[in-house]
Structure formats: C-alpha cells, structure tokens
Amino acid sequence: MSKQTVLTGITTTGTPHLGNYVGAIRPAIEASHAAGVNAYYFLADYHALVKNQDPEILRHSSLEVAATWLALGLDTDESVFYRQSDVPEIVELNWIISSVTAKGLMNRAHAYKAAVAENEAASNRDPDKGVTMALFSYPVLMTADILMFNASKVPVGKDQIQHVEMARDIAQRFNHIYGEVFVLPEAVVDAKAAVLSGLDGRKMSKSYNNTIPLFAPSKKLRKLIMKIKTNSLEPGDTKDPDDSTLFDIYKAFASDEETEAYRQKLLEGVGWGDAKQELFEYLDAHLADAREEYNKLIADPAHVENELQKGAVRAREQSSILIAKVRKAVGICRLA
Ligand code: TRP
C-alpha cells in the first residue's frame with residue numbers, strides 16, 4: 001500500500017503560542033509518527049508576506065517557527081520539513097493553476113469577504129480598499145502548496161477548511177481539462193485538538209493579542225499567567241472548571257488524573273492566585289526541556305537553516321517531478 005501524504009503549512013507570522021501548540025503543532029508531530037504516513041510540514045513564508053511587510057519580523061518569525069517545531073521533536077528524517085520559498089516550483093504551479101481558477105471562486109473566500117465587509121461597514125467608497133492581489137489569491141497559493149506534494153489529507157483549523165475545499169475544486173477543474181494529474185485533497189480537522197482560550201478568555205489568537213508564547217522565559221510565563229482573566233469569586237468560593245481559562249489550559253497539558261485533581265481544587269474553592277501559581281508551575285516544568293532546546297536553536301540559526309535545506313532538497317525531489325508533469329500536461333514544454 002502506498003503511503004498517504006499529510007501536509008500542512010504554518011504561516012510565519014509571530015511567535016508560536018500555547019494555542020498553536022495544542023491546536024496544531026502537537027497533533028501534527030504526533031501524526032508524523034504514524035505508520036503509513038508521509039508528512040510534509042512547511043513554513044508558509046510567502047503566505048506570511050500577505051500580512052506582514054516588515055522584513056525583520058518575517059525573518060525572525062521563520063526562525064522562531066522552525067526552532068519551535070524542531071525543539072518539540074519533529075523528526076526531520078521521518079517527515080519533510082521545508083520552507084515554501086525554497087521550493088520555486090510552488091510559485092510556478094501557483095501561476096499555472098490560477099489559469100483554471102474562477103475569479104468567482106476567490107470572491108467567495110472568507111478572508112477576502114471579511115475585508116470587503118469591513119470596508120462596507122466603514123462606508124468606504126472602495127469595497128476593495130486595502131485588499132492586495134496576494135490577499136485575494138491567497139487560496140490559489142495554498143492550493144499549489146497542497147497539490148504539489150499529492151497531499152490527500154490536510155490538517156487545518158476550521159478557518160482553513162474552505163481553502164482546502166477550494167484546492168479540491170481547482171484540482172478537479174485542472175484534471176477535467178488536462179487529465180488526471182492531481183490528487184484531490186481533503187481537510188482534516190482534529191476534533192480532539194483543544195482550542196485554547198487566551199488571556200482575556202477569547203480564543204487564544206495573535207489577532208486578539210491575548211496569547212501566551214509557548215517558550216516564554218519562566219518569569220514572563222508567570223507574569224502572563226497571572227494576567228489571565230478570572231471572575232471575582234473569593235478564595236473559598238466554588239469555581240466552575242468549565243468556565244475557567246486556567247482549567248482549560250491546564251487540561252490541554254496535563255494527564256487525566258492531574259486534570260481531575262485540578263478540577264477538584266477549583267470546586268473546593270482554591271483562590272485564583274493559587275490556581276494560577278499551580279498552572280504556572282505545571283507549564284513551566286512541562287515545557288522546560290523543549291524551551292531549553294528552543295533557546296539553543298534560536299542561538300544557532302545555521303543549524304536550523306541546515307535542517308530546512310535538507311528538507312528543501314527532499315521536497316524538490318518531488319516538486320521537480322510534479323511540475324514537469326504539469327508543464328507537459330498544459331503544453332508548456334521544449335519544442336525539440
Ligand atoms: N493558510 C494556512 C493558515 O493560515 C497556512 C497554509 C499555507 C497552509 N499553505 C497551506 C495550510 C497549505 C495547509 C496547507 O493556517
């Protein structure tokens with residue numbers, strides 16, 4: 001039986017946080033160990049350009065994201081770990097498939113629609129104000145990422161399901177016109193992956209500015225945990241674990257038994273300050289080894305770069321074959 005290809009991209013905007021870890025990184029690393037799976041994980045740095053035009057931040061974020069995955073034990077022999085921009089065939093494919101992509105399909109993309117809706121709500125005369133071509137055609141590039149490696153399963157968050165469906169549509173359209181070239185991908189949303197709440201109780205997300213960096217130094221980690229929003233219940237009052245960000249985060253890391261013990265404490269009225277201290281101590285200990293490894297990697301970008309280059313070589317072994325097939329299918333080829 002041939003192996004199934006699982007692929008996902010990580011946009012290199014910002015520092016990975018606890019929510020990224022439990023929602024995406026941890027399940028992806030686990031999945032990479034499964035038998036019968038070829039895992040392709042990459043830094044989506046061209047996608048990051050859409051939102052970030054500060055070169056220094058973009059560069060540093062690529063280092064942080066790569067170091068995070070490596071520090072958490074991603075095995076780069078077992079999986080292919082690369083940077084999108086190191087695989088030029090992806091942008092080439094992006095152009096070719098854009099010629100079979102209906103503009104109307106892109107008009108329906110959530111991110112684009114949200115930008116237009118915002119302009120309309122603000123009564124801007126131009127509904128496309130601030131919308132770049134890159135934002136508009138973001139799903140096409142994502143499609144190229146996916147189709148390039150014959151991925152059949154694409155683990156993503158809920159917000160990205162639509163993009164994977166678009167990739168499937170585009171692949172089908174291409175196959176219909178030119179013959180079977182692409183594998184049709186499917187989004188997989190991990191129902192078990194926790195969606196963490198952030199400092200203010202809303203979903204932990206960079207866009208809400210409520211994140212806790214995964215590898216924040218101890219002192220900073222403690223400070224942030226102390227900032228997590230709680231209610232005004234006093235020590236001695238029973239706290240509802242199911243309505244507590246502290247419990248939510250604790251549960252995402254701890255074993256069932258430890259979680260149960262923490263739940264009991266909340267029910268028995270532990271003070272919020274003590275509950276925070278306990279969460280801090282747990283996370284600090286739990287993340288210590290990976291954090292140490294992360295700090296080493298951040299201080300050694302050459303090592304991280306080496307890993308990415310190794311991935312790029314392996315990725316291009318595949319992408320060069322696929323792009324040759326695609327070029328031939330569409331009639332872009334040498335004359336003799
Ligand atoms: N757009 C995805 C996100 O923001 C990142 C991404 C880029 C991606 N290319 C991809 C995810 C291909 C899966 C497959 O999360």
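In listed order, ligands and their atoms are each counted from 1.
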### Query
Is any NZ, NE, NH1 or NH2 atom of the basic residue among Glu186 and Arg168 found under 4.0 Å from an Asp or Glu carboxylate oxygen of the other?
no
CD (Glu64) and CH2 (Trp69) are apart, to the nearest 0.5 Å, by 15.0 Å
In terms of side-chain geometry, is the basic nitrogen of Lys310 or Asp77 positioned less than 4.0 Å from the acidic oxygen of its partner?
yes
Exercise. Taking the six-membered ring for Trp and the full ring for Phe, Tyr or His, determine whether the centres of Phe81 and Tyr41 are under 6.0 Å apart.
Key: no
Between the protein and ligand 1, are there any N or O atom pairs that come within less than 3.5 Å of each other, and if so, what are their names and distances?
from, atom 1, to, atom 2, distance (Å)
ligand 1, 1 (N), Tyr138, OH, 2.8
ligand 1, 1 (N), Gln160, OE1, 3.0
ligand 1, 4 (O), Thr11, OG1, 3.2
ligand 1, 4 (O), Tyr138, OH, 3.2
ligand 1, 4 (O), Gln160, NE2, 3.4
ligand 1, 9 (N), Asp145, OD2, 2.7

Exercise. Please determine, by modelled atom types, if Ser205 and Ser207 share a side-chain donor-acceptor pair under 3.5 angstrom.
Key: yes
Quiz item: Got a salt bridge between Glu180 and Lys325, using NZ or NE/NH1/NH2 to carboxylate O under 4.0 Å?
Solution: no
